[in-house]
Asker: 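I have a structure I would like to understand better, so I am pasting it below and will then ask my questions one at a time.
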Amino acid sequence: MLDVNLIRKDPDMVRDLLSRKGFEVDFSEYLEKDRARRDLIFRTEQLKAEKNKVSALVPVLRKGGRDVSDTLARMRQVADDIRDGEAQMAALDAWIRDFLDALPNLPDPSLPAGGKENNRVVRVFGTAPVFDFPPLHHVDLAESLGVVDYPRGARLGGSGHWVYRRDGARLEWALLNYFIEAHLADGYEFMLPPHLLTWACGYTAGQFPKFRDDVYQLRSDDTPDGFTHFILPTAETALVNLHRDEILDEEVLPLRYCAYTPCYRKEAGSYRSEERGMIRGHQFNKIEMFQYVRPEDADAALEELVGKAERLVQGLGLHHRVSRLAAGDCSAAMRRTYDIEVWIPSMNDFKEVSSASDAGDYQARRGNIRFRRKETGKPEFVHTLNASGLATSRIFPAILECNQDASGRVRIPEVLRKWMGGQEFLARPS
RNA sequence: GGAGAGAUGGUCGAGUUGGUUUAAGGCACCGGACUUGAAAUCCGGCGUAGAUGCGAAUCUACCGUGAGUUCGAAUCUCACUCUCUCCGCCA
C-alpha cells in the first residue's frame, strides 16, 4: 500500500517512479474519486452530528412532557440520508481500495529503470571451478549416489517433486542446521510458523489479491468464495504477519527473526528445460530471515541481511555473485532487492539462492504494523525487510556439481560435516 | 464434530431491563509539585483512525468481525471468527 498523501501531493512523481518498474498508471480518476469521497465524508458526518445531538435531546424532551413525534419523523429522514451517504461511500471505498491494492511499491529512486538487463553485479566471490575431467550434471550425480530420487518423487507429487534419500536427506538437513546456527549466533529468533495461512496474510505480504493464483490454495464448498487457506510460498508471508495490527514499542526494534519452512510454488509456465533437477521445484526448503526496523535503520538492516546470506554461501566455498536489481526486476512489494546467485557448472550460469529485499513501509501499511516512537509518542509504520538465508534447492546442486571428483565422489563442505557423522564424502549406497 | 462460557483502550476491569456513561475505576506509563535524591503523597496528562481548518479547535467512527432493528446500540437480533471448559475422534 502506498501513502495516499504522497499520491495526492505529487501524483506525477509517483507515476514516474512506478513506470521505472514498468507499471503505467494514470491517477486522474483516482484523484477525482478521492476528492468526492472526502466531500461525502464531510456531508455524512455533519448529518451524523445532527443525529447524535437530537437523539440525546429526545429523552430530555420526553421527561419535560413534550411531544416528540415531529422530531422523530424528521430524524427518520436524517437516518435515511445517512444510509444513502454510506452506501455511496461503500461503493467509492471499494473502487479506491481495489485501485490502491493493485499498485506495486515505489522503487528506490536510486535504482535504474527497466528489467533484468539493467541489474548490476556488485560483488563476486571466488571463481568457477575448473575440472580436468568431464563433470557430471547434478541429476546424474544425485542418482548415481542415491541421494535424490526423482522418478519416485514424481510418482508421489507429480513433476517438479523429488525425494531426498540417504545422505541426500542428511545433507539437506545439515544445510538447514548450518543456516539456523549462524542466525542464532547473530541473535535472530528462530521460529516454526504455520504453513497454511489465511487470506489476510497474503494481503499484507503484498501477494494478494493480484498474485493469488501463483500460490496453492485450499478450497472448500463451505465458504462463500470457496477459499479457506493457501500454502505459503515463502516463510516471509508468515513472518510479515506476526505483528499485524500491532503497535510495537520502539525499544523492541529491530526485531530479527528466522524461520524454517518448505516453500510451495505453482511455478506455472516457468519451467525451462535447462532447469532440470531441483533448480525449480514446487516445493523446496528455505530458512528465511526477517526484520522489523525503524525507517532510519532500514539501510543498515538490508546490508546486514545481504552480508549474512553471502557469508553462508562463502562458508560452503561456493562461487557466487551479488547483484543489485533494477527497478523492474524487484518484486511488486519491494523497493529494492539484492540477489545472491550461486554458480551452477552444468548450467554455465548463476542461479538465485537468496533475495534480500527492503519493503519500506509497503507491507507495514497493508498489515497496519506500527511502532510508537518514544520521542514523539506517535505511532509510525515500521519498515520490513526479508532475505533468504538460504534456500537449499540451488545450493544442493551447486555442492554436488562443484565438489565432484573424477571418480564421481562428492566432497561434503567442512562446515556441514558435524551434522553428517564427520563424513568427508557422500556415501554410495551399498 | 457436539455442548456450554466468553471476547470492552497498553493491561486489569465496570457497564449488557437501549437514552447525563462523554466507555467508569484501578494498574502501567508520561509531565509537574513536594524532596538532598528516591519512595510515598498530591495535581495534571494519557487509545486508534478519519474529516473540516493556517491554527486554536470542532466533529465523526471504532467495545472480536460483518450485517440488521431503532429517532438513538457496548447493551437487542442474525451470521461468522477466535479463546476457554467439558465430551467425542485422532497423530
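Convention: sequence-line order gives letters A, B, ...; per-chain numbering from 1.
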Asker: According to the Watson-Crick and G-U wobble definitions, with both distances under 3.5 Å, which nucleotide is paired to B:U48?
Answerer: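 Answer to the pairing question: B:A61, which forms a Watson-Crick or G-U pair with B:U48.
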Asker: In whole Å, I'd like the distance from the CZ atom of A:F42 to the C1' atom of B:U58.
Answerer: 10 Å
Asker: Can a side chain N or O of A:R43 be found less than 4.0 Å away from OP1 or OP2 on B:A51?
Answerer: no
Asker: Where the side chain of A:R370 is concerned, which of B:U48, B:C59, B:A51 is the nearest nucleotide?
Answerer: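 So the nucleotide nearest the side chain must be B:U48.
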Asker: Could you tell me how far apart A:Q46 (CD) and B:A61 (P) are, to the nearest whole angstrom?
Answerer: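 The distance from CD of A:Q46 to P of B:A61 comes to 13 Å, rounded to the nearest Å.
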Asker: Between A:L318, A:I412, A:V342, A:L141, which is the residue that forms a side chain to side chain contact (heavy atoms under 4.5 Å, CB included) with A:I399?
Answerer: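 Testing A:I399 for a side chain to side chain contact (heavy atoms under 4.5 Å, CB included) against A:L318, A:I412, A:V342, A:L141 leaves exactly one candidate, A:L318.
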Asker: Using heavy-atom distances to pick each residue's nearest nucleotide on RNA chain B, tell me which of A:L57 and A:R76 is more 5'.
Answerer: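 Final value for this comparison: A:L57.
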Asker: Between B:C34 and B:A51, how many Å separate the two C1' atoms, rounded to a whole number?
Answerer: 44 Å
Asker: Among A:F208, A:W199, A:Y264, A:Y203, which one satisfies ring pair (Phe, Tyr, Trp, His ring centres under 6.0 Å) with A:F230?
Answerer: A:F208
Asker: Can you tell me the base-pairing partner of B:C27? Count Watson-Crick or G-U wobble geometry only, both distances below 3.5 Å, and say none if there is no partner.
Answerer: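 Checking every strand shown, B:C27 finds its partner in B:G10, with both distances under 3.5 Å.
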Asker: Which one is paired to B:A38, where only Watson-Crick or G-U wobble pairs with both distances under 3.5 angstrom count?
Answerer: none
Asker: When you measure from the side chain of A:A79, which nucleotide among B:C59, B:A61, B:C71 comes out closest?
Answerer: B:C71
Asker: Separation of A:D249 atom CG from B:C30 atom P, in whole Å?
Answerer: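 My rounded result for the distance is 12 Å.
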Asker: Which comes earlier along RNA chain B counting from the 5' end, the contact point of A:R38 or that of A:S55, where each point is its nearest nucleotide?
Answerer: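 Result: A:S55.
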Asker: Could you identify the nucleotide paired to B:G66, looking across every strand shown and requiring Watson-Crick or G-U wobble geometry with both distances under 3.5 Å?
Answerer: B:C78
Asker: Below the 4.0 Å mark, does B:A51 have OP1 or OP2 next to a side-chain nitrogen or oxygen of A:R37?
Answerer: no
Asker: Please state the C1' separation for the pair B:G64 and B:U8 - nearest whole angstrom.
Answerer: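 Looking at atom C1' only, B:G64 and B:U8 are 10 Å apart.
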Asker: Under 4.0 Å, counting only non-hydrogen atoms across every strand here, what does A:R74 touch: a base, just sugar-phosphate, or nothing?
Answerer: nothing
Asker: Could you give the distance separating B:A40 and B:A49 at their P atoms, to the nearest angstrom?
Answerer: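 After rounding to an integer number of Å, I get 32 Å for this pair.
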Asker: Please determine, for the side chain of A:E45, which listed nucleotide (B:C71, B:A51, B:A61) has the closest atom?
Answerer: B:A51
Asker: If you draw a 6.0 Å radius around CH2 in A:W173, do more than 12 non-hydrogen atoms from other residues or ligands fall strictly inside?
Answerer: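 Count not over threshold, so no.
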Asker: On a whole-Å scale, what distance lies between the P atoms belonging to B:A7 and B:U65?
Answerer: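 Taking atom P in both B:A7 and B:U65, they lie 13 Å apart.
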Asker: Should the pair A:R411 and A:F425 be classed as cation-pi, given the thresholds of under 6.0 Å to the six-membered ring centre and 45° from the axis?
Answerer: no
Asker: Take the angle between the ring planes of A:F27 and A:F99 and call it parallel below 30°, perpendicular above 60°, tilted in between.
Answerer: perpendicular
Asker: How many Å lie between NZ on A:K53 and P on B:U20, as a whole number?
Answerer: 17 Å
Asker: To the nearest Å, how far apart are A:L72 CG and B:C71 C1'?
Answerer: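 It is 5 Å, rounded to the nearest whole Å.
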Asker: Say we look at B:A61 and B:A73: how far apart would their C1' atoms be, to the nearest angstrom?
Answerer: 14 Å
Asker: Are A:D186 and A:K308 within salt-bridge range, i.e. N to O under 4.0 Å?
Answerer: yes
Asker: Could you give the CG-to-C1' distance, from A:L40 to B:U60, as a whole number of Å?
Answerer: 13 Å
Asker: Is it true that A:E267 and A:R280 have a side-chain N and a carboxylate O under 4.0 angstrom from each other?
Answerer: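 So A:E267 pairs with A:R280 through a salt bridge.
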Asker: Under a 3.5 Å limit for both distances, which nucleotide forms a Watson-Crick or G-U wobble pair with B:G53, could you say?
Answerer: none
Asker: Checking all strands, does A:V58 fall into the base, sugar-phosphate, or nothing category for heavy-atom contacts under 4.0 angstrom?
Answerer: base
Asker: Within less than 4.0 Å of OP1 or OP2 of B:U60, is there a side-chain N or O belonging to A:N52?
Answerer: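 For A:N52, the contact criterion (side-chain N or O under 4.0 Å from OP1 or OP2 of B:U60) is met.
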Asker: Say you pick atom P in B:G6 and the same atom in B:U77; how far apart are they, in whole Å?
Answerer: 13 Å
Asker: Calculate the interatomic distance between A:K378 atom NZ and B:U48 atom P; express it in whole Å.
Answerer: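 Rounded to whole Å, this separation is 6 Å.
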Asker: Quote, to the nearest angstrom, the C1' distance that separates B:A24 from B:G15.
Answerer: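 Taking atom C1' in both B:A24 and B:G15, they lie 8 Å apart.
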Asker: With sugar-phosphate meaning primed atoms plus P, OP1 and OP2, does A:R365 contact a base, only sugar-phosphate, or nothing at under 4.0 Å between heavy atoms?
Answerer: nothing
Asker: Write down the distance between CG (A:D93) and P (B:G66), rounded to a whole number of angstrom.
Answerer: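 Whole-Å distance recorded here is 13 Å.
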Asker: Work out how far the P atom of B:G18 is from that of B:G9, and round it to whole angstrom.
Answerer: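 One P to the other, the span is 24 Å.
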Asker: Only pairs with both distances under 3.5 Å count, Watson-Crick or wobble alike; so what is the partner of B:U17 in this structure?
Answerer: none
Asker: For B:G1, which nucleotide in any strand shown is its Watson-Crick or wobble partner with both distances under 3.5 Å?
Answerer: B:C87
Asker: Is it true that A:R38 and A:D34 have a side-chain N and a carboxylate O under 4.0 angstrom from each other?
Answerer: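 Yes, this pair counts.
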